[in-house]
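The figures that follow rest on heavy atoms only: side chains count, while hydrogens, waters and symmetry mates do not.
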Amino acid sequence: WRFLALVRGSTPDSRRHYRGSANRDLWLLELQTGNLVRLTETLWDEDHVSWAGSDALIFRSDNGGEDRNVFRLNLADRKLTQLTHHQGGDVRYPKASANGAIVAYEFGDGLYVVSASGGEPRRLAVEVATDALEDDMERAVLRDQASEVVPSPDGSQVALVVRGDVYVTARRSKELSAISGPVTVRVTHTPAWERDVTWTPDGKALFYASDRFGQYDLFRAEPASGSSFVKATSFREERLTASDEDERKPRVSPDGKLLA
């Protein structure tokens with residue numbers, strides 16, 4: 001590298017319309033000799049300089065006007081070219097590409113690019129996919145509105161239907177519940193209405209009816225992980241019927257092999 005482009009001045013970057021001796025100007029330093037050459041000598045600021053190839057500089061200035069835009073300065077003949085003409089605000093952080101052909105910058109709430117030789121600026125369409133670090137969680141305290149309460153066969157868990165969704169809570173003594181509430185998991189989370197919940201004889205699965213497809217069909221749910229519902233973090237659900245008629249009030253045979 002032979003030259004270093006730099007900005008000298010003491011005005012804050014955020015200060016607009018400054019006119020005075022503390023303004024920022026562009027300078028060129030020859031690295032081998034240490035010779036420093038002043039490129040601009042104005043009353044206003046020039047800043048955010050970058051190279052457009054080896055013979056031109058890109059920078060920001062209001063050039064004595066209202067708003068700061070992007071300019072190009074040819075080093076050979078000191079020709080100044082205004083590349084953008086935005087109004088109502090300042091261009092921010094202009095920077096030329098590595099090959100000096102394109103200048104990227106911010107304006108308003110958008111990212112723009114413009115040719116370093118001139119032309120119409122183009123706003124970039126930026127699409128950023130969300131990737132949450134944690135699963136979305138909704139916290140709620142539900143103390144009533146349970147339309148169904150069904151204990152498991154061994155009495156250790158209780159299936160509830162609250163506001164049309166199926167929950168399972170651990171059954172605890174009053175003494176332990178006074179210290180901390182029982183673990184409760186939500187089995188279904190749909191805009192439909194689930195009802196008629198019942199347990200399998202071994203307490204490892206639930207059957208219920210849901211109208212999520214326009215009529216009541218029967219479904220089966222079981223923990224996808226963990227030995228019981230209250231220890232599971234997810235659940236497997238299976239649709240058992242798909243007719244045009246309503247199927248409701250499932251009843252499991254004592255051996256757990258048939259469903260009426």
Worksheet item: So, for Leu6 and Leu29, which heavy atoms are closest and what is the spacing to 0.1 Å?
Response: CD2-CB, 3.9 Å

Worksheet item: Where the side chain of Arg60 meets the backbone of Val91, is there a donor-acceptor pair that is under 3.5 Å apart?
Response: yes

Item to complete: Just jot down the side-chain contact (heavy atoms from CB on, under 4.5 Å) partners of Val113, sequence neighbours excluded, or say none.
Response: Ile102, Ala104, Arg122, Leu124

Worksheet item: Taking only residues two or more places apart in sequence or in another chain, which ones pass side-chain contact (heavy atoms from CB on, under 4.5 Å) with Thr33?
Response: Glu30, Asn35

Worksheet item: Taking only residues two or more places apart in sequence or in another chain, which ones pass side chain to side chain donor-acceptor pair (under 3.5 Å) with Arg123?
Response: Asp109

Worksheet item: Of all residues at least two apart in sequence or in a different chain, which pass the salt bridge (Lys or Arg N to Asp or Glu O under 4.0 Å) check with Arg212?
Response: Glu194, Glu237

Discussion item. Just verifying a value: how many Å separate Asn74 CG and Thr81 OG1, rounded to the nearest 0.5 Å?
Written reply: 6.0 Å

Worksheet item: In the hydrophobic cluster built from side-chain contacts under 4.5 Å, what are the other members alongside Tyr216?
Response: Trp193

Response to the item:
Contacts of Ala205 meeting side-chain contact (heavy atoms from CB on, under 4.5 Å) (sequence neighbours excluded), chain-then-number -> Thr200, Arg220, Glu222

Fill in: Point-to-point distance, once rounded to the nearest 0.5 Å, from CZ of Arg78 to CG of Leu73
6.5 Å

Item to complete: For the pair Phe3 and Val37, evaluate side chain to side chain contact (heavy atoms under 4.5 Å, CB included) and give the outcome as yes or no after the intermediate values.
Response: CA-CA 10 Å; Phe3 295 101; Val37 178; over 6 Å; no

Worksheet entry | Nearest-0.5 Å distance, CZ of residue Arg16 to CZ of residue Arg68 | 6.5 Å

Worksheet, complete the sentence: Heavy atoms of Pro250 and Thr198 approach each other most closely as O-CG2, 3.5 Å

Response to the item:
Sequence neighbours excluded, the answer for side chain to side chain donor-acceptor pair (under 3.5 Å) partners of Ser243 is Glu247

Worksheet entry | pair Gln82-Leu80: side-chain heavy atoms closer than 4.5 Å | no

Worksheet item: What residues form a side chain to side chain donor-acceptor pair (under 3.5 Å) with Asp62, not counting sequence neighbours?
Response: Arg19

Worksheet item: Should side-chain heavy atoms under 4.5 Å link Ile, Leu, Val, Met, Phe, Trp and Tyr, which residues sit in the same cluster as Leu43?
Response: Trp44

Worksheet item: Between Tyr208 and Phe219, how do the two ring planes meet: parallel, tilted or perpendicular, split at 30° and 60°?
Response: parallel

Response to the item:
With sequence neighbours left out, the residues meeting side-chain contact (heavy atoms from CB on, under 4.5 Å) with Thr11 are Tyr18, Ala22, Arg24, Asp45

Discussion item. Rounded at 0.5 Å granularity, tell me how far OG1 in Thr40 sits from CG in Leu26.
Written reply: 4.0 Å

Item to complete: List in chain and number order the residues that pass side chain to side chain donor-acceptor pair (under 3.5 Å) with Ser14, two or more places apart in sequence or in another chain; answer none if no residue qualifies.
Response: none

Fill in: Single-linkage hydrophobic cluster Leu218~Phe207, side-chain heavy atoms < 4.5 angstrom
yes

Fill in: Same cluster (ILVMFWY, side-chain, under 4.5 Å), Trp27 and Phe59
no

Fill in: Heavy atoms from other residues, nucleotides or ligands near CG of Asp244 exceed 12 (cutoff 6.0 Å)
no

Discussion item. Testing the basics here: between Ala232 and Pro223, what is the closest heavy-atom pair and its distance to 0.1 Å?
Written reply: CB-CB, 3.6 Å

Fill in: Qualifying ring pair (Phe, Tyr, Trp, His ring centres under 6.0 Å) pairs with a residue from residues 79-131, counting only residues at least two apart or across chains
His48-Tyr93, His86-Tyr105, His86-Phe107, His86-Tyr112, Tyr105-Tyr112

Fill in: Side-chain (Thr169) to main-chain (Val158) donor-acceptor, under 3.5 angstrom
no

Discussion item. When you compare the side chain of Val103 with that of Arg72, does any pair of heavy atoms fall below 4.5 Å?
Written reply: no

Worksheet item: Any donor and acceptor pair, going by atom type alone, linking the side chain of Ser50 with main-chain N or O of Lys95 inside 3.5 Å?
Response: no

Worksheet, complete the sentence: Distance col, row Glu46:CD vs Glu41:CD, nearest 0.5 angstrom, shows 10.5 Å

Item to complete: Measure from the side-chain N and O atoms of Glu148 to the backbone N and O of Asp196, and report whether any donor-acceptor pair falls under 3.5 Å.
Response: yes

Worksheet item: How about Ser115 and Ser117: does a side-chain donor come under 3.5 Å of a side-chain acceptor?
Response: yes

Item to complete: Determine yes or no for a side-chain-to-main-chain donor-acceptor pair under 3.5 angstrom, with Arg92 supplying the side chain and Gly108 the backbone.
Response: yes

Discussion item. Closer than 3.5 angstrom, by distance alone: can the side chain of Thr84 be matched with the main-chain N or O of Asn69 as a donor-acceptor pair?
Written reply: no

